[in-house]
Amino acid sequence: MQLVVVGMHRSGTSAVTGLLSQCEIHAGAPSEHFPFDAWNPKGYWERKEVVAINELALSSVGKSWLDVEGFEPDLVPPETRAELDQRISQLVGSLDEHRPWVIKDPRFCFTLSLWLEHLVDPICVMAYRHPGEVALSLKRRHEWIPLEFGLALWERYVMESIALSRGLPRVSVCYNRLLDDPSGETSRLVSSLRSLMGDTLVRAPSASQLSELIDKSLSHCSAGAHDAQLSPSQEELWEALRAERWETLEDMAGAGTTDSWFESLAPVLYELTQLDERYRALKWQHEQRLDEGIRSASAMLQTELEAKDQALAGLRREAELRVIEVEALQAETQTLRVQLDEHEARLREAQCREQTSTADLERLSDELRIERRSGDRMSRRSHRLEHMVLEAIDGARTLDRLLSETRSSESWRVGHSLTRAFNSVLLRSRSEGTEDTRFGVENQLDALAAELAETSALPSLSVCVLTQNNCRTIGSCLASVAEFADEIIVVDSNSSDGTLDVVADEPKVRVIAHDFADIASQRNVYLGAARCDWILSLDADEVMGSEFATALPRLLRYPDYVAYWFPRYWLCSLTPLRYVVNDRTYPDIQLRLIRNRPGLEFRNRVHQAIDILGRHLVLDEPHLFHLHYLLHDREQREARLSQYEQLSRGSGSGIYRSYYIYEETSFRVEDCQEELNLGDHELQRLMSHLAPMSRSEDSP
């Protein structure tokens, strides 16, 4: 059997083809497919040769996947048609050695008739998805494609695929049902295929294979997609697809529809799409080369470390042998001292005896001198061996110097985190005395192995933000930290100003709705939800400074601290970037970066506190940039002050007044020493949402 997967782009054709491969239907080797990327992490399952053939057919008449209106296979020039027939015949011949097989390309919706002439037992597998989700997915990938155009393009693809597959055995898969009920939709697909191909040719995938392939969290276009404004014909087409009313669908495909603006807009959009695809390809190649360079440098560094480890192990073994010899000599010396004490006792006893003769005394004295000379020789041997141990220690210090030279090399700087771990062990070894000679080297190597394991990967980071009607600033807040976050948790208190529409564009965001009680309670919600190693806590009207990118890896990897305090600027102007200074507003130290551990809990109703079990550090940079003064005039700030005073029941009201009504204090305005961590586009968008005083030097 020869299976051909057809369907509109972003309609789940890749997932369906991957599913068929798990049913032991030949889909080709990974090297024959286009590689996965951020838009399709599970892989495209598209053979490069299939796509090349279909693109040649479209381009030969001046068309593309985006500009398909008016394409007819009969319009393909004869010389191109001959080349296409030859390439299709060769590919089908090679695939027929592995029957049953499957190929996939959304362009089959228009080029299928070119392939059917070379297929003997074709089965058409149709993948379809709600048109609103398809249009929204296209727009997320190519932002210049209007939703209306995406809906019209979906309609053309579906209509053409129905028309071209008329009379062929059809099997359909709804991508929406596949995400909601992977097991049920897969069972339906397997049952349909077995009825056409026989039970022995199709194997149902295991539960683990299915869970690995179908991941609903990778679909980001469900929310709001069903609100798209479908035309009556599109509504009718979607309902017929869902019900699989093939006769109705074939009648609709026979009638056909054409939008008046469709043909004129498609070429422009295609050019933009081509430029975007080339940019993404170049970016992908650059990242691959960068990864390859890092791997090469890491391998070189690992080789150097192994050589140094071997040298250090040799010195350790030599030192252990010297220690054993010293212990043996010390035992022998002790034995001689005991014997010497015995001889001295015997001498004293002989001297006390009145009957002892002079000859006996001289003999005993000679024996005593002989024993003392023997003891002196053994003592000198002991000193020589102790000197040899000191030489071994000097050798370890020489290794320390060689490691310092290695640290100054280019490859070592690439692995600076490994260097720091190794160096910390050597520093400890220098602070220890010679009494630790037997065990010091071995203990240092064990510590080094543990610290190298710690620095092998950057710990993960959860960015946590509280929101309540912060549509003006939440986008800039997330933009300043999104590239560093493994997840973003937004705890929202019933926002009604479009805040959630802004955060919906960020794929890392997870929104948790929670009614507001007090600030500490809101923060405790994201403490319980955070899944990463560290938590970065931000307010929605804060933006992180530009030094954050440099400082973050060092802060996350440093093992001695569990929390960090950041200084905060209270901004009064964006151009130039300036802040207010009085006895409270700078440096306004804020605890924001915390190691995620069980039992963390905020307390206090207003400016909350948290118990940190471990060492924490107050930093000079990076800065937080507080936008409060730029968002609120004095009347609004006085209302905020009144709210805080009520929540705190009058405690600390003078402190809050110094922050929010700074005009009543002795203050000054200074230029910021750090930039916002925002690009020019995001900075301009932020300025458009702020009060006029924030855009010039007219501010205080």
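Because only heavy atoms are used, hydrogens play no part in the values below, and waters and symmetry mates are left out as well, while side chains stay in.
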- Message: Evaluate F149 against K139 for side-chain contact (heavy atoms from CB on, under 4.5 Å), listing each step before the verdict.
- Response: CA-CA 10 Å; F149 186 91; K139 186 171 180 61; over 6 Å; no
- So S476 and E682, side-chain contact (heavy atoms from CB on, under 4.5 Å) or not? Walk me through it. CA-CA 7 Å; S476 299; E682 183 60 29; 2.8 Å; yes
- Message: Checking E160 against R166 for the salt bridge (charged side-chain N to carboxylate O under 4.0 Å, His left out) test, could you report, in this order, the C-alpha distance in whole Å, the side-chain angles of both residues, the deciding distance, and whether it holds?
- Response: CA-CA 10 Å; E160 288 296 328; R166 185 192 299 268; over 6 Å; no
- Audit row: R47, H33, side-chain contact (heavy atoms from CB on, under 4.5 Å) steps and yes/no: CA-CA 4 Å; R47 296 180 68 97; H33 299 158; 3.9 Å; yes
- Checking side chain to side chain donor-acceptor pair (under 3.5 Å) for the pair D492/S495: CA distance, chi angles, key distance, verdict? CA-CA 7 Å; D492 183 73; S495 292; 2.4 Å; yes
- Task: For S191 and R194, run side-chain contact (heavy atoms from CB on, under 4.5 Å): C-alpha distance rounded to whole Å, both residues' side-chain angles, the deciding distance at 0.1 Å, then the answer.
- Result: CA-CA 5 Å; S191 177; R194 284 176 173 172; 5.9 Å; no
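Looking at S546 and N677, their side chains never bring a donor and an acceptor atom within 3.5 Å of each other. A side-chain donor-acceptor contact under 3.5 Å links N54 and W115. No hydrogens or angles considered: nothing links the side chains of E46 and S14 as a donor-acceptor pair under 3.5 Å.
Between L116 and L168, some side-chain heavy-atom pair lies under the 4.5 Å cut-off. Using a 4.5 Å heavy-atom threshold, the side chains of C174 and E185 count as touching. Looking at I214 and L179, their side chains come closer than 4.5 Å, going by heavy atoms from C-beta outward. Side-chain atoms of L178 and L19, non-hydrogen and from C-beta on, do get closer than 4.5 Å to each other.
Residues passing the side-chain contact (heavy atoms from CB on, under 4.5 Å) test with R242, sequence neighbours excluded: W238, E239.
Between E117 and R81 there is a salt bridge, since at least one side-chain N of the basic residue sits less than 4.0 Å from a carboxylate O of the acidic one. Residues K508 and E487 are not paired through a salt bridge, judged by the lack of any N-O separation under 4.0 Å between the basic side chain and the carboxylate. Using a 4.0 Å cut-off between a side-chain N of Lys or Arg and a carboxylate O of Asp or Glu, R87 and E55 do not qualify as a salt bridge. Contact check on R177 versus D180 returns no salt bridge, with no Lys/Arg side-chain nitrogen under 4.0 Å from an Asp/Glu carboxylate oxygen. Between E250 and R170 a salt bridge is recorded (basic side-chain N to carboxylate O distance below 4.0 Å).
Counting all heavy atoms, side chain and backbone alike, V171 lies closest to S192 at CG1-CB, 3.9 Å. Here the shortest heavy-atom pairing between A482 and E506 reads CB-OE1, 3.7 Å. Taking each heavy atom of M197 and P100 in turn, the nearest pair found is CE-CB, 3.6 Å. In terms of heavy-atom proximity, I103 sits nearest to F108 at CD1-CZ, 3.6 Å. When all heavy atoms of T248 and A240 are compared, the pair lying nearest together is CG2-CB, 4.4 Å. For the pair P131 and L151, the tightest heavy-atom approach, listed with the atom from each and the gap, is O-CD2, 3.4 Å.
With hydrogens and angles disregarded, no donor-acceptor distance shorter than 3.5 Å links the side chain of D121 to the backbone of M1. Remark: side-chain polar atoms of S161 are not paired, donor with acceptor, to backbone N or O of C109 under 3.5 angstrom. Proximity of a side-chain donor or acceptor of S11 to a complementary backbone N or O of G7 within less than 3.5 Å is not detected. With hydrogens and angles disregarded, no donor-acceptor distance shorter than 3.5 Å links the side chain of R10 to the backbone of R141. In this structure, the side chain of D533 does not engage the main chain of P459 through any donor-acceptor pair within 3.5 Å. In terms of modelled atom types and a separation under 3.5 Å, the side chain of S688 and the main chain of R685 share a donor-acceptor contact. Without hydrogens or angle criteria, S460 side chain to C532 main chain gives no donor-acceptor distance under 3.5 Å. Between the side chain of S137 and the backbone N or O of E133 there is no donor-acceptor pair closer than 3.5 Å. In terms of modelled atom types and a separation under 3.5 Å, the side chain of T13 and the main chain of H9 share no donor-acceptor contact. Looking at Q234, its side chain does come within 3.5 Å of a backbone N or O of S231 through a donor-acceptor pair.
When the shell of 6.0 Å around CD of E143 is examined, it contains 12 or fewer heavy atoms from other residues, nucleotides or ligands. At most 12 non-hydrogen atoms from other residues, nucleotides or ligands lie less than 6.0 angstrom from CD of E212. Around the CD atom of E292, the shell of radius 6.0 Å holds no more than 12 heavy atoms that belong to other residues, nucleotides or ligands. Within 6.0 Å of the CD atom in E247, the count of heavy atoms belonging to other residues, nucleotides or ligands does not exceed 12.
In this structure, CG in D486 is found 7.5 Å from OG in S462, a value given to the nearest 0.5 Å. The structure places CG of D497 at 10.5 Å from CD1 of I474, a figure rounded to the nearest 0.5 Å. Between the CE atom of M252 and the CG atom of L237 there is a distance of 4.5 Å, given to the nearest 0.5 Å. One finds the CG atom of L556 at 10.5 Å from the CZ atom of F484 (value rounded to the nearest 0.5 Å). How far CG of L20 is from SG of C23: 6.0 Å, rounded to the nearest 0.5 Å.
Residue pairs meeting the ring pair (Phe, Tyr, Trp, His ring centres under 6.0 Å) criterion with at least one member in residues 69-105, sequence neighbours excluded: H26-H98. Within the structure, ring pair (Phe, Tyr, Trp, His ring centres under 6.0 Å) contacts touching residues 191-213 (residues at least two apart or in different chains) do not occur.
Ring to ring, Y175 and H130 are not that close: their centroids are 6.0 angstrom or more apart.
Each of L66, V158, V134 was checked for a side chain to side chain contact (heavy atoms under 4.5 Å, CB included) with L153, and the lone residue meeting it is L66.
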